[in-house]
There are 2 protein chains.
Amino acid sequence: MLEQAKSYRTYPAGTTIVGAGEMLTHFSSIVIGCATLSRTLEDGRRQNVGLLLPSDYIGRPGRSRSAFDVVALSDTVLCRFERTEFEKICRTTPHIASRLLTMTLDELDAARDWTVVLGRMTAREKVASFLVNLARRQSRVDMAPLPENGVTVRLPLSREEMANHLGLTIETTSRQITALRKSGLIDTQGSRYIRIPDFEALAIEAGDDEDGGLIV
Amino acid sequence: MLEQAKSYRTYPAGTTIVGAGEMLTHFSSIVIGCATLSRTLEDGRRQNVGLLLPSDYIGRPGRSRSAFDVVALSDTVLCRFERTEFEKICRTTPHIASRLLTMTLDELDAARDWTVVLGRMTAREKVASFLVNLARRQSRVDMAPLPENGVTVRLPLSREEMANHLGLTIETTSRQITALRKSGLIDTQGSRYIRIPDFEALAIEAGDDEDGGLIV
DNA sequence: GGGCCGGTTTGATTTCGATCAATGCGGTCC
DNA sequence: GGACCGCATTGATCGAAATCAAACCGGCCC
């Protein structure tokens, strides 16, 4: 059933996997790599609405077109099911459907959490929140708990893509990273690696009252 | 089955239906009224992450606590199912589960759309977007198509709640409404009624390239 | 009526992030 | 090596929205 319908496909970094409004022939999940879900306004303003990491899925049963652009940030391998085939599987395998619902509800919570960041946080808090979220997700993907002292995060995005995620410009994003470094909250190693010496301290800077449990 | 497990409950305007982090004993849907889904940061900043109108639901199978505050804006009647009972129904009635998935996917798209508004739009565009969205949703609830000329929207929220929805302050929200009125894009009748003489014009102001079809 | 009270509007000023504009930095190609 | 190119950082200035502060308005109670 599931096994037979499965196929894999690789997208090089920078490729558009699906454009907004285009047909989504497959339901896929990310095996390796990283992609963004974004929208571009006519005048060129762009906003990322999601960051897809391994185990995240693309596409949805019952909707044939994508509402957003899906762009591979790094070389990305997708595990794919033909959409109508997948819908059939959903109907006949309650367990899959229920798992999908749980994942979707989690994504909904994450999207709403992000809404708070975009609507009410300062540039500094936005950057701090993003790093905290990314560190949590990466530790979850790696199946390793956050080390007590010193986490290193690999940024899968350029400054421009970070800015699009945060609703900021490249310049302010860069300035805030510099500012966080000067405050001793982070350490930079090239532009793609950030070490967080005290995770709790950064989480506080992110205005994150919640206990950042790994399992959400 | 469904019929027997059902109960109704009314919440007066201003009441908190569930607080963030509290137990969610029921899965409910709004019958009459209007509620917000919001989060408050320690320093008092507040962001609405959703506006719940009739037919929207509150709660989720598989999660016992609410991630957000749910507050009734007007007197609100909920149709409720005991949560564990509802989960049982979901497992045994694939049709319900699949309907719930569709609704959740729609909410996810809406949350992501809103993310774009919060992240990249100006105050004027935010207010215009909100009015356009609200008009579309109200016309859907009323099951009536948007009249070609002149829609009147009843705002179920105060300026403060609008500001919390838009990631703005009360003052800028109010100023933008005044500005849209002076531009002839809207007409105000008291602070809770807004008439939109030319819906398309307002949609353009909202940076809305999409054809705002009623059925999404 | 008059006074109060909550919400809304309007005004003056400040501030944070955007914009405009260099400069820096690492990699690659000649 | 040197020139170039794409990205990132830093600097100077501008502007949109926040903040501070004052009217305004409608409803309600005395």
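Chain naming here is simple, since letters A, B, ... match the order of the sequence lines and numbering starts at 1 in each.
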Using a 4.5 Å cut-off on heavy atoms from C-beta on, say whether the side chain of [Y] contacts that of [X].
X: A:Val71; Y: A:Tyr11; value: no
X: A:Val116; Y: A:Arg112; value: no
X: A:Glu125; Y: B:Leu41; value: no

Taking the side chain of [X] as heavy atoms from C-beta outward, which of [options] is closest to it?
X: B:Ser174; options: D:dT9, C:dA18, C:dT8; value: C:dT8
X: B:Thr178; options: C:dT10, D:dA8, C:dA18; value: C:dT10
X: B:Thr169; options: D:dT9, C:dT8, D:dT19; value: D:dT19

Classify [X] by what it touches in the nucleic acid, base, sugar-phosphate, or nothing, heavy-atom distance under 4.0 Å.
X: B:Ser158; value: sugar-phosphate
X: B:Ser191; value: sugar-phosphate
X: B:Ile177; value: nothing

- Query: Which class fits the ring pair B:Phe86 and B:Phe81: parallel under 30°, tilted 30 to 60°, perpendicular over 60°?
  - Reply: tilted
- Message: Please verify the inter-ring angle class for B:Trp114 with B:His165; under 30° counts as parallel, over 60° as perpendicular, anything in between as tilted.
- Response: tilted
For the pair made of [atom1] in [X] and [atom2] in [N], what is the distance, rounded to whole Å?
X: B:Leu168; N: C:dC16; atom1: CG; atom2: P; answer: 17 Å
X: B:Arg45; N: D:dA18; atom1: CZ; atom2: P; answer: 12 Å
X: B:Leu155; N: C:dT9; atom1: CG; atom2: C1'; answer: 15 Å
X: A:Leu180; N: D:dT10; atom1: CG; atom2: P; answer: 13 Å
X: A:Asp43; N: C:dA18; atom1: CG; atom2: P; answer: 15 Å
X: A:Glu125; N: C:dG17; atom1: CD; atom2: C1'; answer: 14 Å
X: A:Arg192; N: D:dT9; atom1: CZ; atom2: P; answer: 11 Å
X: A:Asn164; N: D:dC7; atom1: CG; atom2: P; answer: 13 Å

- Message: Can you tell me how far apart CD (A:Gln189) and CZ (A:Arg192) are? Round to the nearest 0.5 Å.
- Response: 14.5 Å
- Message: Just checking B:Arg181: does its CZ atom have more than 12 heavy atoms from other residues, nucleotides or ligands closer to it than 6.0 angstrom?
- Response: yes
- Which letter, B, S or -, goes with each nucleotide of nucleotides 21-27 of chain D from 5' to 3', with contact meaning a protein heavy atom under 4.0 Å? -------
- Earlier contact from the 5' end, DNA chain D, for A:Leu157 and B:Gln176: A:Leu157
